[in-house]
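Accompanying notes for the structure given below.
Counting begins at 1 with the first residue of the sequence.
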Amino acid sequence: ILKADDDVGAAYVYLYRDGTWIYSEKLTAGDPAPGAYFGQSVALQGDLMAIGARNADPNAAGAVYLFQRSGNEWVEIAKVIPPDGAADDQFGFAVAMQGNVMAVGARRADLTDPAGKDAGAAYVFALDQDSISLAAKLTAGDALAGDQFGQAVAMAGDVIAVGANRAAIGANTKQGAVYLFRRMGNSWLETDKITASEGKKNDEFGY
């Protein structure tokens, strides 16, 4: 029997009725595991809910669970995992949905040289009624080890913003940055890198 202090995680659903938030349901993963941190992140899009579990199996790489509303209940319909996930990638640390697109941050994903350990990545999935497919894996054009690209994700229209809270800006380590990607046809292209004009060391802009 799993206990709450095993860091399994849960998500709680509340309904807004007559000016009051009323508890409705407690959601858990269909395959709960100690240390999964189910509920690390949550996103809603109509009758679809995405819940991140940053250390879920397989390989403790993390996962995102999709729930669909059926009447007054939420039913788990899919578990999304990174195709190249490794332990401690923390896939699902952040999640966002817009239309039929879901973006998932994996802030500790390791990239091949020269970026290296914990450079981070974000995965973009196309959500269709009967399928979930990987559309793109986003990484920073100037990725470096420890950037934690994927710490935060947000979407608006055809734009995805990805926070890299530990990106170094010049000599300022961990100053942080936000990268913007725009959908062009079937591709997502990096269009801008935003930094704070008065940014300083350890600000972690993009957290």
Side-chain angles (χ1 to χ4, degrees), residues 11 37 39-46 48-54 61-66 80-85 89-111 115-127 132-170 172-207:
Y37 283 90
Q40 165 70 46
S41 56
V42 178
L44 276 166
Q45 175 70 32
L48 197 63
M49 184 189 304
I51 302 176
R54 73 183 195 217
V64 171
Y65 294 79
L66 291 178
V80 182
I81 60 174
D84 55 353
D89 278 359
Q90 297 197 357
F91 174 93
F93 192 88
V95 61
M97 289 194 292
Q98 174 80 33
N100 66 340
V101 178
M102 177 174 70
V104 181
R107 66 173 188 165
R108 291 186 178 167
D110 299 338
L111 304 181
K117 183 174 176 58
D118 296 344
Y123 296 77
V124 182
F125 294 89
L127 307 177
I132 302 166
S133 57
L134 179 67
K137 179 180 179 179
L138 308 180
T139 57
D142 56 354
L144 294 173
D147 281 355
Q148 293 197 162
F149 175 96
Q151 166 77 27
V153 293
M155 298 186 67
D158 287 333
V159 176
I160 296 176
V162 183
N165 63 307
R166 294 188 174 179
I169 309 300
N172 293 337
T173 57
K174 299 182 183 179
Q175 179 179 321
V178 173
Y179 294 79
L180 298 183
F181 294 80
R182 182 179 293 275
R183 179 163 49 191
M184 298 181 182
N186 294 322
S187 301
W188 290 86
L189 303 179
E190 183 181 322
T191 59
D192 207 355
K193 178 181 179 179
I194 301 171
T195 59
S197 58
E198 76 286 13
K200 295 180 176 59
K201 181 179 179 180
N202 295 325
D203 278 357
E204 297 203 27
F205 178 88
Y207 187 93

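The distance from the OG1 atom of T173 to the CG atom of L144 is 12.0 Å, given to the nearest 0.5 Å. Taken to the nearest 0.5 Å, the CZ atom of F149 stands 14.5 Å off from the CZ atom of R107. For the atom pair CD of Q90 and CD of Q151, the computed distance is 8.5 Å after rounding to the nearest 0.5 Å. Atom CD1 of I160 is separated from atom OG1 of T191 by 10.5 Å, given to the nearest 0.5 angstrom.
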### Message
Run V95 and V42 through side chain to side chain contact (heavy atoms under 4.5 Å, CB included) and show every step you take.
### Response
CA-CA 7 Å; V95 61; V42 178; 5.8 Å; no
#### Entry: Full working for side chain to side chain contact (heavy atoms under 4.5 Å, CB included) between V159 and F181
CA-CA 6 Å; V159 176; F181 294 80; over 6 Å; no
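Scanning all heavy atoms of the two residues, the minimum distance from A50 to L66 falls at CB-CD2, 3.7 Å. Between A43 and A96, the shortest heavy-atom distance links the atoms CB-CA, 4.1 Å. The shortest non-hydrogen separation linking G39 to I51 is N-CG2, 3.5 Å. The two atoms that bring A152 and A94 nearest to each other are CA-CB, 3.8 Å, heavy atoms only. Smallest separation of non-hydrogen atoms from A61 and D89: O-CB, 3.8 Å. Heavy-atom minimum distance, W188 versus A136: CD1-CB, 4.0 Å.
Residues P83 and L134 meet the side-chain proximity criterion, which asks for heavy atoms closer than 4.5 Å. Side-chain contact between L180 and I194 is present, with heavy atoms from C-beta onward closer than 4.5 Å.
The main-chain N or O of A177 is never found under 3.5 Å from a side-chain atom of T195 such that the two would form a donor-acceptor pair.
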Check: residues 200-207 side-chain donor-acceptor pairs under 3.5 Å, at least two apart:
residue : atom : partner : partner atom : Å
K200    : NZ   : E198    : O            : 3.4
D203    : OD2  : K200    : N            : 2.7
E204    : OE1  : N165    : ND2          : 2.5

Which atom pairs, donor and acceptor, lie under 3.5 Å between side-chain atoms of residues 97-105 and protein residues at least two apart or in another chain?
none

Indicate every side-chain donor-acceptor pair of residues 117-127 with a distance under 3.5 Å to a residue at least two apart or in another chain.
residue : atom : partner : partner atom : Å
Y123    : OH   : D84     : OD1          : 2.6

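Judged as a salt bridge (charged side-chain N to carboxylate O under 4.0 Å, His left out), and not counting sequence neighbours, R54 has no contacts. Here A168 pairs with nothing under the side-chain contact (heavy atoms from CB on, under 4.5 Å) rule; sequence neighbours left out.
The salt bridge (charged side-chain N to carboxylate O under 4.0 Å, His left out) pairs that include a residue from residues 139-160 are D142-K193, D158-R183, where partners are two or more places apart or lie in different chains.
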